[in-house]
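Throughout, a chain's letter reflects where its sequence line sits, starting with A, and its residues are numbered from 1.
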Protein chains: 2
Amino acid sequence: MDDKRRKFKRESPEQRKLALIEATLQLVADYGVRGATVRRIAEQADVTQGLIRHYFSTKEDLIVAAYEHHMVFMTDLTAAPADAIEGSARERLIAFVVASLTPPVVDPRSLALWASFLNKVQNDPQMKAMHERTYAYFRDRLEDLIRDAYGEAKRQASDAKFRHLAIACNAVIDGLWLEGGALPDAFAAGELKNIGLDSVGSILGLNLIEEAKQQ
Amino acid sequence: MDDKRRKFKRESPEQRKLALIEATLQLVADYGVRGATVRRIAEQADVTQGLIRHYFSTKEDLIVAAYEHHMVFMTDLTAAPADAIEGSARERLIAFVVASLTPPVVDPRSLALWASFLNKVQNDPQMKAMHERTYAYFRDRLEDLIRDAYGEAKRQASDAKFRHLAIACNAVIDGLWLEGGALPDAFAAGELKNIGLDSVGSILGLNLIEEAKQQ
DNA sequence: CGCGTAATTATTCAAGTGTATAATTTGTGA
DNA sequence: TCACAAATTATACACTTGAATAATTACGCG
(Lines give C-alpha, C1' and ligand atoms only; values in the text may rest on other atoms or scores of the structure.)
Protein backbone atom coordinates (compact mmCIF):
# COMPACT_ATOMS: atom_id res chain seq x y z
CA MET A 1 0.00 0.00 0.00
CA ASP A 2 2.34 2.69 1.14
CA ASP A 3 5.58 3.21 -0.76
CA LYS A 4 8.63 1.59 0.68
CA ARG A 5 11.42 3.48 2.27
CA ARG A 6 13.80 5.15 -0.11
CA LYS A 7 16.98 3.26 -1.05
CA PHE A 8 20.28 5.06 -0.59
CA LYS A 9 24.00 4.66 -0.92
CA ARG A 10 26.65 5.87 1.47
CA GLU A 11 29.06 8.35 0.01
CA SER A 12 32.25 9.81 1.37
CA PRO A 13 31.79 13.03 3.30
CA GLU A 14 33.81 14.92 0.68
CA GLN A 15 31.66 13.76 -2.21
CA ARG A 16 28.42 14.46 -0.37
CA LYS A 17 29.51 17.90 0.73
CA LEU A 18 30.61 18.73 -2.79
CA ALA A 19 27.34 17.51 -4.25
CA LEU A 20 25.39 19.59 -1.76
CA ILE A 21 27.50 22.65 -2.49
CA GLU A 22 27.07 22.28 -6.23
CA ALA A 23 23.33 21.81 -5.87
CA THR A 24 23.26 24.90 -3.69
CA LEU A 25 25.17 27.00 -6.22
CA GLN A 26 22.84 25.92 -8.99
CA LEU A 27 19.74 26.89 -7.03
CA VAL A 28 21.23 30.11 -5.70
CA ALA A 29 22.00 31.10 -9.29
CA ASP A 30 18.47 30.26 -10.38
CA TYR A 31 16.39 31.48 -7.45
CA GLY A 32 18.59 33.53 -5.13
CA VAL A 33 19.71 32.61 -1.63
CA ARG A 34 16.22 32.61 -0.14
CA GLY A 35 14.83 30.74 -3.11
CA ALA A 36 17.39 28.01 -2.61
CA THR A 37 15.43 26.16 0.08
CA VAL A 38 16.86 23.18 1.85
CA ARG A 39 14.16 20.99 0.32
CA ARG A 40 15.02 22.05 -3.21
CA ILE A 41 18.74 21.70 -2.55
CA ALA A 42 18.21 18.20 -1.19
CA GLU A 43 16.14 17.26 -4.20
CA GLN A 44 18.74 18.64 -6.59
CA ALA A 45 21.48 16.69 -4.82
CA ASP A 46 19.21 13.62 -4.79
CA VAL A 47 19.07 13.19 -1.03
CA THR A 48 16.45 13.94 1.60
CA GLN A 49 16.49 17.20 3.43
CA GLY A 50 17.53 15.79 6.77
CA LEU A 51 20.91 14.91 5.36
CA ILE A 52 21.84 18.54 4.84
CA ARG A 53 21.79 19.11 8.55
CA HIS A 54 24.06 16.14 9.01
CA TYR A 55 26.81 17.85 7.02
CA PHE A 56 26.05 21.50 7.68
CA SER A 57 24.72 22.52 11.05
CA THR A 58 22.62 25.23 9.48
CA LYS A 59 21.56 26.52 6.09
CA GLU A 60 23.72 29.57 6.67
CA ASP A 61 26.74 27.29 6.97
CA LEU A 62 25.95 25.66 3.66
CA ILE A 63 25.54 29.02 1.94
CA VAL A 64 28.87 30.27 3.26
CA ALA A 65 30.61 27.07 2.19
CA ALA A 66 29.08 27.35 -1.27
CA TYR A 67 30.15 30.96 -1.60
CA GLU A 68 33.70 30.16 -0.60
CA HIS A 69 33.83 27.26 -3.02
CA HIS A 70 32.65 29.48 -5.84
CA MET A 71 35.11 32.26 -5.06
CA VAL A 72 38.06 29.87 -5.04
CA PHE A 73 36.87 28.42 -8.32
CA MET A 74 36.60 31.81 -9.99
CA THR A 75 39.94 32.96 -8.66
CA ASP A 76 41.66 29.89 -10.03
CA LEU A 77 39.97 30.34 -13.36
CA THR A 78 41.35 33.82 -13.91
CA ALA A 79 44.69 33.71 -12.15
CA ALA A 80 45.92 30.32 -13.31
CA PRO A 81 46.16 31.10 -17.06
CA ALA A 82 48.41 34.09 -16.36
CA ASP A 83 50.61 32.04 -14.03
CA ALA A 84 50.93 29.24 -16.55
CA ILE A 85 52.60 31.50 -19.09
CA GLU A 86 56.38 31.63 -19.21
CA GLY A 87 56.63 34.59 -21.54
CA SER A 88 56.79 38.35 -21.11
CA ALA A 89 54.77 40.40 -18.65
CA ARG A 90 52.81 41.71 -21.59
CA GLU A 91 51.84 38.17 -22.53
CA ARG A 92 50.84 37.38 -18.96
CA LEU A 93 48.72 40.52 -18.84
CA ILE A 94 47.02 39.48 -22.06
CA ALA A 95 46.33 36.04 -20.63
CA PHE A 96 44.81 37.58 -17.49
CA VAL A 97 42.47 39.79 -19.46
CA VAL A 98 41.51 37.03 -21.88
CA ALA A 99 40.74 34.57 -19.11
CA SER A 100 38.57 37.15 -17.35
CA LEU A 101 36.54 37.84 -20.49
CA THR A 102 36.00 34.30 -21.75
CA PRO A 103 33.54 31.64 -20.60
CA PRO A 104 33.07 30.20 -18.08
CA VAL A 105 34.09 33.35 -16.23
CA VAL A 106 31.86 35.42 -18.46
CA ASP A 107 28.58 33.63 -18.09
CA PRO A 108 25.00 34.39 -17.03
CA ARG A 109 25.19 31.87 -14.22
CA SER A 110 28.38 33.36 -12.87
CA LEU A 111 26.82 36.82 -12.88
CA ALA A 112 23.63 35.52 -11.29
CA LEU A 113 25.64 33.95 -8.48
CA TRP A 114 27.52 37.16 -7.87
CA ALA A 115 24.27 39.12 -7.71
CA SER A 116 22.52 36.58 -5.50
CA PHE A 117 25.32 36.61 -2.97
CA LEU A 118 25.76 40.38 -2.90
CA ASN A 119 23.24 41.00 -0.13
CA LYS A 120 24.84 38.47 2.16
CA VAL A 121 28.28 39.75 1.24
CA GLN A 122 27.34 43.27 2.26
CA ASN A 123 25.76 42.26 5.56
CA ASP A 124 27.56 39.17 6.84
CA PRO A 125 31.01 40.16 8.20
CA GLN A 126 32.52 36.77 7.40
CA MET A 127 31.41 36.88 3.78
CA LYS A 128 32.30 40.54 3.49
CA ALA A 129 35.86 39.79 4.55
CA MET A 130 36.05 36.93 2.06
CA HIS A 131 34.86 39.18 -0.73
CA GLU A 132 37.22 42.04 0.05
CA ARG A 133 40.13 39.65 0.17
CA THR A 134 39.29 38.30 -3.27
CA TYR A 135 38.77 41.73 -4.74
CA ALA A 136 42.07 43.01 -3.35
CA TYR A 137 43.85 39.93 -4.66
CA PHE A 138 42.54 40.55 -8.16
CA ARG A 139 43.40 44.21 -8.24
CA ASP A 140 46.84 43.69 -6.76
CA ARG A 141 47.61 41.00 -9.28
CA LEU A 142 46.51 43.29 -12.07
CA GLU A 143 48.58 46.14 -10.68
CA ASP A 144 51.65 43.90 -10.52
CA LEU A 145 51.15 42.80 -14.10
CA ILE A 146 50.82 46.44 -15.17
CA ARG A 147 53.99 47.37 -13.27
CA ASP A 148 55.90 44.53 -14.92
CA ALA A 149 54.62 45.39 -18.37
CA TYR A 150 55.63 49.03 -17.87
CA GLY A 151 59.06 47.93 -16.71
CA GLU A 152 59.43 45.79 -19.79
CA ALA A 153 58.51 48.74 -21.99
CA LYS A 154 60.95 50.98 -20.10
CA ARG A 155 58.16 53.21 -18.91
CA GLN A 156 57.74 54.70 -15.48
CA ALA A 157 54.87 55.89 -13.35
CA SER A 158 54.18 56.93 -9.77
CA ASP A 159 52.52 54.61 -7.25
CA ALA A 160 49.40 56.74 -7.39
CA LYS A 161 49.37 56.41 -11.16
CA PHE A 162 49.69 52.64 -10.97
CA ARG A 163 46.82 52.43 -8.52
CA HIS A 164 44.76 54.61 -10.81
CA LEU A 165 45.57 52.42 -13.83
CA ALA A 166 44.80 49.21 -11.97
CA ILE A 167 41.41 50.52 -10.89
CA ALA A 168 40.61 51.61 -14.42
CA CYS A 169 41.65 48.33 -16.04
CA ASN A 170 39.83 46.37 -13.40
CA ALA A 171 36.72 48.43 -14.11
CA VAL A 172 36.86 47.70 -17.85
CA ILE A 173 37.18 44.01 -17.16
CA ASP A 174 34.40 44.01 -14.57
CA GLY A 175 32.13 46.05 -16.79
CA LEU A 176 32.60 43.78 -19.79
CA TRP A 177 32.19 40.74 -17.57
CA LEU A 178 28.94 42.17 -16.28
CA GLU A 179 27.57 43.00 -19.70
CA GLY A 180 28.60 39.68 -21.18
CA GLY A 181 26.82 37.87 -18.39
CA ALA A 182 23.73 40.06 -18.49
CA LEU A 183 23.26 40.01 -22.27
CA PRO A 184 25.00 36.88 -23.51
CA ASP A 185 23.49 37.15 -26.99
CA ALA A 186 24.50 40.76 -27.51
CA PHE A 187 28.13 39.95 -28.24
CA ALA A 188 29.84 37.76 -30.81
CA ALA A 189 32.27 35.08 -29.68
CA GLY A 190 35.58 36.71 -28.79
CA GLU A 191 34.16 40.21 -29.11
CA LEU A 192 34.38 41.02 -25.41
CA LYS A 193 37.93 39.73 -25.27
CA ASN A 194 38.96 41.94 -28.18
CA ILE A 195 37.26 45.01 -26.79
CA GLY A 196 38.88 44.33 -23.43
CA LEU A 197 42.38 44.04 -24.86
CA ASP A 198 41.87 47.16 -26.97
CA SER A 199 40.55 49.19 -24.06
CA VAL A 200 43.09 48.05 -21.48
CA GLY A 201 45.76 48.72 -24.10
CA SER A 202 44.45 52.24 -24.68
CA ILE A 203 44.30 53.00 -20.98
CA LEU A 204 47.83 51.73 -20.40
CA GLY A 205 49.26 53.04 -23.66
CA LEU A 206 50.44 49.55 -24.57
CA ASN A 207 49.65 47.44 -27.60
CA LEU A 208 47.92 44.32 -26.31
CA ILE A 209 46.58 42.93 -29.56
CA GLU A 210 47.32 39.23 -29.61
CA GLU A 211 49.69 38.14 -32.35
CA ALA A 212 48.36 35.34 -34.55
CA LYS A 213 48.67 31.96 -32.91
CA GLN A 214 51.45 29.91 -34.37
CA GLN A 215 50.00 26.79 -35.95
CA MET B 1 -8.35 45.45 27.83
CA ASP B 2 -7.72 44.81 24.19
CA ASP B 3 -6.05 47.52 22.11
CA LYS B 4 -8.34 49.63 20.08
CA ARG B 5 -8.46 49.56 16.35
CA ARG B 6 -5.66 51.35 14.63
CA LYS B 7 -6.29 54.94 13.54
CA PHE B 8 -5.63 55.86 9.94
CA LYS B 9 -5.85 58.62 7.40
CA ARG B 10 -6.97 58.41 3.79
CA GLU B 11 -4.35 59.32 1.27
CA SER B 12 -4.56 59.85 -2.44
CA PRO B 13 -3.91 56.72 -4.50
CA GLU B 14 -0.77 58.31 -5.97
CA GLN B 15 0.73 59.08 -2.58
CA ARG B 16 -0.07 55.64 -1.20
CA LYS B 17 1.28 53.84 -4.23
CA LEU B 18 4.46 55.90 -4.10
CA ALA B 19 4.89 55.22 -0.40
CA LEU B 20 4.43 51.50 -0.96
CA ILE B 21 6.88 51.51 -3.85
CA GLU B 22 9.50 53.37 -1.85
CA ALA B 23 9.08 51.04 1.10
CA THR B 24 9.42 48.13 -1.30
CA LEU B 25 12.63 49.47 -2.82
CA GLN B 26 14.13 50.01 0.61
CA LEU B 27 13.40 46.45 1.70
CA VAL B 28 14.43 44.91 -1.61
CA ALA B 29 17.76 46.71 -1.29
CA ASP B 30 18.18 45.46 2.27
CA TYR B 31 16.83 41.91 2.05
CA GLY B 32 16.31 41.00 -1.59
CA VAL B 33 13.01 40.43 -3.36
CA ARG B 34 12.03 37.40 -1.29
CA GLY B 35 13.12 39.08 1.90
CA ALA B 36 10.86 42.02 1.16
CA THR B 37 7.71 40.42 2.54
CA VAL B 38 4.35 42.11 2.29
CA ARG B 39 4.20 42.39 6.05
CA ARG B 40 7.54 44.17 6.26
CA ILE B 41 6.66 46.42 3.34
CA ALA B 42 3.38 47.36 4.99
CA GLU B 43 5.14 48.11 8.25
CA GLN B 44 7.76 50.24 6.50
CA ALA B 45 5.03 52.21 4.71
CA ASP B 46 3.11 52.46 7.99
CA VAL B 47 -0.02 50.67 6.82
CA THR B 48 -1.45 47.22 7.41
CA GLN B 49 -0.71 44.46 4.99
CA GLY B 50 -4.19 44.21 3.59
CA LEU B 51 -3.84 47.62 2.01
CA ILE B 52 -1.15 46.42 -0.34
CA ARG B 53 -3.59 44.17 -2.08
CA HIS B 54 -5.94 47.10 -2.47
CA TYR B 55 -3.42 48.91 -4.65
CA PHE B 56 -1.54 46.00 -6.19
CA SER B 57 -3.40 42.85 -7.05
CA THR B 58 -0.38 40.73 -6.20
CA LYS B 59 3.08 41.06 -4.70
CA GLU B 60 4.53 40.45 -8.14
CA ASP B 61 2.72 43.54 -9.39
CA LEU B 62 4.21 45.65 -6.64
CA ILE B 63 7.70 44.36 -7.36
CA VAL B 64 7.39 45.13 -11.06
CA ALA B 65 6.06 48.61 -10.33
CA ALA B 66 8.93 49.26 -7.93
CA TYR B 67 11.49 48.08 -10.48
CA GLU B 68 10.05 50.30 -13.18
CA HIS B 69 10.00 53.26 -10.82
CA HIS B 70 13.63 52.70 -9.95
CA MET B 71 14.74 52.33 -13.56
CA VAL B 72 13.06 55.56 -14.60
CA PHE B 73 14.66 57.30 -11.64
CA MET B 74 18.13 56.08 -12.54
CA THR B 75 17.72 56.90 -16.20
CA ASP B 76 16.70 60.45 -15.39
CA LEU B 77 19.58 60.82 -13.02
CA THR B 78 22.21 60.06 -15.65
CA ALA B 79 20.62 61.35 -18.83
CA ALA B 80 19.27 64.66 -17.56
CA PRO B 81 22.63 66.31 -16.67
CA ALA B 82 23.92 65.71 -20.21
CA ASP B 83 20.74 67.08 -21.74
CA ALA B 84 20.82 70.16 -19.55
CA ILE B 85 24.13 71.27 -20.99
CA GLU B 86 24.13 73.71 -23.88
CA GLY B 87 27.82 73.41 -24.71
CA SER B 88 29.88 71.16 -26.95
CA ALA B 89 29.45 67.43 -27.43
CA ARG B 90 32.63 66.96 -25.46
CA GLU B 91 31.10 68.80 -22.52
CA ARG B 92 27.93 66.76 -22.74
CA LEU B 93 29.96 63.57 -22.80
CA ILE B 94 31.81 64.70 -19.70
CA ALA B 95 28.53 65.47 -17.96
CA PHE B 96 27.20 62.01 -18.81
CA VAL B 97 30.26 60.27 -17.41
CA VAL B 98 30.35 62.45 -14.30
CA ALA B 99 26.68 61.91 -13.53
CA SER B 100 27.11 58.15 -13.90
CA LEU B 101 30.03 58.08 -11.48
CA THR B 102 28.72 60.35 -8.74
CA PRO B 103 26.24 59.67 -5.94
CA PRO B 104 23.40 58.90 -5.84
CA VAL B 105 23.97 56.82 -8.96
CA VAL B 106 27.12 55.36 -7.45
CA ASP B 107 25.81 54.08 -4.17
CA PRO B 108 25.67 50.79 -2.26
CA ARG B 109 21.88 50.88 -2.20
CA SER B 110 21.69 51.40 -5.92
CA LEU B 111 24.00 48.45 -6.51
CA ALA B 112 22.09 46.32 -4.03
CA LEU B 113 18.84 47.04 -5.85
CA TRP B 114 20.37 46.12 -9.17
CA ALA B 115 21.67 42.85 -7.77
CA SER B 116 18.42 42.00 -6.01
CA PHE B 117 16.38 42.48 -9.15
CA LEU B 118 18.77 40.61 -11.45
CA ASN B 119 17.19 37.20 -10.95
CA LYS B 120 13.73 38.47 -11.76
CA VAL B 121 15.11 40.43 -14.68
CA GLN B 122 16.67 37.32 -16.16
CA ASN B 123 13.57 35.17 -15.74
CA ASP B 124 10.51 37.39 -16.01
CA PRO B 125 9.96 38.35 -19.69
CA GLN B 126 8.30 41.64 -18.79
CA MET B 127 11.16 42.74 -16.58
CA LYS B 128 13.72 41.43 -19.03
CA ALA B 129 12.25 43.59 -21.78
CA MET B 130 12.28 46.61 -19.47
CA HIS B 131 15.93 46.02 -18.62
CA GLU B 132 17.07 45.54 -22.21
CA ARG B 133 15.30 48.70 -23.24
CA THR B 134 17.08 50.69 -20.55
CA TYR B 135 20.46 49.19 -21.36
CA ALA B 136 20.07 49.89 -25.08
CA TYR B 137 18.99 53.44 -24.31
CA PHE B 138 22.12 54.05 -22.28
CA ARG B 139 24.51 52.61 -24.78
CA ASP B 140 22.89 54.35 -27.72
CA ARG B 141 23.03 57.67 -25.94
CA LEU B 142 26.68 57.09 -25.19
CA GLU B 143 27.38 56.12 -28.78
CA ASP B 144 25.66 59.27 -30.03
CA LEU B 145 27.72 61.41 -27.69
CA ILE B 146 30.89 59.70 -28.90
CA ARG B 147 29.90 60.24 -32.54
CA ASP B 148 29.23 63.93 -31.88
CA ALA B 149 32.48 64.38 -30.00
CA TYR B 150 34.39 62.74 -32.83
CA GLY B 151 32.64 64.98 -35.36
CA GLU B 152 33.60 68.01 -33.32
CA ALA B 153 37.21 66.88 -33.28
CA LYS B 154 37.10 66.24 -37.04
CA ARG B 155 37.75 62.55 -36.54
CA GLN B 156 36.13 59.69 -38.32
CA ALA B 157 35.39 56.04 -37.57
CA SER B 158 33.36 53.18 -38.97
CA ASP B 159 30.04 52.12 -37.50
CA ALA B 160 31.65 48.97 -36.17
CA LYS B 161 34.33 51.08 -34.49
CA PHE B 162 31.76 53.34 -32.86
CA ARG B 163 29.88 50.32 -31.52
CA HIS B 164 33.14 48.95 -30.18
CA LEU B 165 33.99 52.25 -28.49
CA ALA B 166 30.52 52.60 -26.97
CA ILE B 167 30.70 49.12 -25.50
CA ALA B 168 34.13 49.80 -24.05
CA CYS B 169 33.20 53.17 -22.53
CA ASN B 170 29.99 51.73 -21.16
CA ALA B 171 32.01 48.94 -19.57
CA VAL B 172 34.38 51.37 -17.84
CA ILE B 173 31.44 53.30 -16.46
CA ASP B 174 29.60 50.16 -15.35
CA GLY B 175 32.72 48.69 -13.79
CA LEU B 176 33.52 51.82 -11.81
CA TRP B 177 29.88 52.14 -10.80
CA LEU B 178 29.96 48.57 -9.57
CA GLU B 179 33.15 48.99 -7.61
CA GLY B 180 32.10 52.27 -6.11
CA GLY B 181 28.87 50.70 -4.91
CA ALA B 182 30.50 47.54 -3.65
CA LEU B 183 33.37 49.21 -1.79
CA PRO B 184 32.24 52.72 -0.99
CA ASP B 185 35.12 53.40 1.37
CA ALA B 186 37.82 52.28 -1.05
CA PHE B 187 37.69 55.46 -3.12
CA ALA B 188 38.15 59.13 -2.27
CA ALA B 189 35.45 61.61 -3.22
CA GLY B 190 35.67 62.37 -6.92
CA GLU B 191 38.23 59.64 -7.51
CA LEU B 192 35.94 57.43 -9.55
CA LYS B 193 34.82 60.37 -11.64
CA ASN B 194 38.43 61.30 -12.43
CA ILE B 195 39.43 57.75 -13.27
CA GLY B 196 36.35 57.45 -15.46
CA LEU B 197 37.11 60.60 -17.42
CA ASP B 198 40.75 59.61 -17.81
CA SER B 199 39.90 56.11 -19.00
CA VAL B 200 37.10 57.06 -21.36
CA GLY B 201 39.41 59.75 -22.72
CA SER B 202 42.19 57.22 -23.30
CA ILE B 203 39.85 54.79 -25.03
CA LEU B 204 38.44 57.49 -27.30
CA GLY B 205 41.69 59.35 -27.79
CA LEU B 206 40.09 62.55 -26.52
CA ASN B 207 41.06 64.80 -23.66
CA LEU B 208 38.17 64.78 -21.24
CA ILE B 209 39.79 66.40 -18.22
CA GLU B 210 37.41 68.96 -16.85
CA GLU B 211 38.68 72.51 -17.03
CA ALA B 212 38.71 74.29 -13.69
CA LYS B 213 35.28 75.53 -12.70
CA GLN B 214 34.91 79.26 -13.06
CA GLN B 215 34.35 80.79 -9.66
C1' DC C 1 29.04 -13.44 10.03
C1' DG C 2 27.01 -10.04 12.97
C1' DC C 3 27.49 -5.87 15.52
C1' DG C 4 27.84 -1.12 16.15
C1' DT C 5 28.20 3.37 14.45
C1' DA C 6 27.70 6.76 11.28
C1' DA C 7 24.94 7.92 7.27
C1' DT C 8 20.53 8.44 5.63
C1' DT C 9 15.55 8.75 5.60
C1' DA C 10 11.14 9.97 7.72
C1' DT C 11 8.32 12.74 10.57
C1' DT C 12 7.18 16.63 13.36
C1' DC C 13 6.91 21.51 14.74
C1' DA C 14 6.61 26.37 15.20
C1' DA C 15 7.13 30.43 12.65
C1' DG C 16 6.54 32.96 8.48
C1' DT C 17 4.50 33.50 3.71
C1' DG C 18 1.10 35.39 0.12
C1' DT C 19 -3.58 35.71 -0.57
C1' DA C 20 -8.50 35.90 0.42
C1' DT C 21 -12.31 37.77 2.83
C1' DA C 22 -14.82 40.09 6.43
C1' DA C 23 -15.31 44.10 9.36
C1' DT C 24 -14.76 48.97 10.12
C1' DT C 25 -13.85 53.81 9.23
C1' DT C 26 -13.34 57.92 6.45
C1' DG C 27 -14.60 61.57 3.56
C1' DT C 28 -17.76 63.32 0.07
C1' DG C 29 -21.75 64.74 -2.48
C1' DA C 30 -26.72 65.16 -2.40
C1' DT D 1 -26.62 65.60 7.99
C1' DC D 2 -26.54 61.33 6.26
C1' DA D 3 -25.99 57.58 3.28
C1' DC D 4 -22.70 55.37 0.48
C1' DA D 5 -18.55 54.03 -1.93
C1' DA D 6 -13.81 53.71 -1.32
C1' DA D 7 -10.01 53.23 1.79
C1' DT D 8 -8.21 50.89 5.52
C1' DT D 9 -7.84 47.54 9.17
C1' DA D 10 -8.47 42.89 11.01
C1' DT D 11 -8.75 38.07 10.73
C1' DA D 12 -8.40 33.61 8.60
C1' DC D 13 -6.28 30.06 5.68
C1' DA D 14 -3.48 26.95 3.21
C1' DC D 15 1.14 26.30 2.26
C1' DT D 16 6.25 26.81 2.69
C1' DT D 17 10.24 27.31 5.45
C1' DG D 18 14.33 25.94 8.52
C1' DA D 19 15.16 23.18 12.20
C1' DA D 20 14.69 19.35 15.48
C1' DT D 21 14.12 14.63 16.52
C1' DA D 22 13.06 9.80 15.78
C1' DA D 23 13.43 5.71 12.96
C1' DT D 24 15.94 2.94 9.72
C1' DT D 25 19.76 1.27 6.87
C1' DA D 26 24.40 0.61 4.96
C1' DC D 27 28.87 -0.94 5.62
C1' DG D 28 33.59 -1.47 7.86
C1' DC D 29 35.75 -4.04 11.43
C1' DG D 30 36.16 -7.57 14.78
Open item on the list: If you compare all heavy atoms of B/Ala23 against all heavy atoms of B/Gln44, which two are closest, and at what distance to 0.1 Å?
Closed with: CB-CG, 3.4 Å
Task: Smallest separation among heavy atoms of A/Thr78 and A/Ser100, with atom names - done: CG2-OG, 3.6 Å
Open item on the list: Tell me whether the side-chain N/O atoms of A/Thr58 come closer than 4.0 Å to OP1 or OP2 in D/dA19.
Closed with: yes
Report yes if the side chains of [X] and [Y] come closer than 4.5 Å at any heavy-atom pair, otherwise no.
{"X": "B/Ile167", "Y": "A/Leu176", "value": "yes"}
{"X": "B/Val33", "Y": "B/Phe117", "value": "yes"}
{"X": "A/Leu204", "Y": "A/Leu93", "value": "yes"}

TODO: Would you mind telling me which residue lines up with the more 5' stretch of DNA chain C, B/Ser57 or B/Arg40, judged by nearest nucleotide?
DONE: B/Arg40
Open item on the list: Given the ring of B/Tyr55, does B/Arg16 sit roughly above its face, with NZ or CZ under 6.0 Å from the centre of the six-membered ring and within 45° of the axis?
Closed with: no
TODO: Validate the cation-pi geometry between A/Arg40 and A/Tyr31: distance from NZ or CZ to the six-membered ring centre under 6.0 Å, angle to the ring axis within 45°.
DONE: yes
TODO: Report the distance from atom CZ of A/Arg34 to atom P of D/dT17, rounded to the nearest whole Å.
DONE: 13 Å
TODO: Without swapping roles, check the side chain of B/Asn170 against the backbone of B/Ala166 for a donor-acceptor pair under 3.5 Å.
DONE: no
- [ ] Indicate for each nucleotide in nucleotides 2-15 of chain D, in 5' to 3' sequence, whether protein heavy atoms under 4.0 Å reach the base (B), only the sugar-phosphate (S), or nothing (-).
- [x] ----BBBBB-----
TODO: Tell me, please, the opening and closing nucleotides of DNA chain C, 5' to 3', among those with an atom under 4.0 angstrom from a non-hydrogen atom of chain B.
DONE: C/dT17 to C/dG27
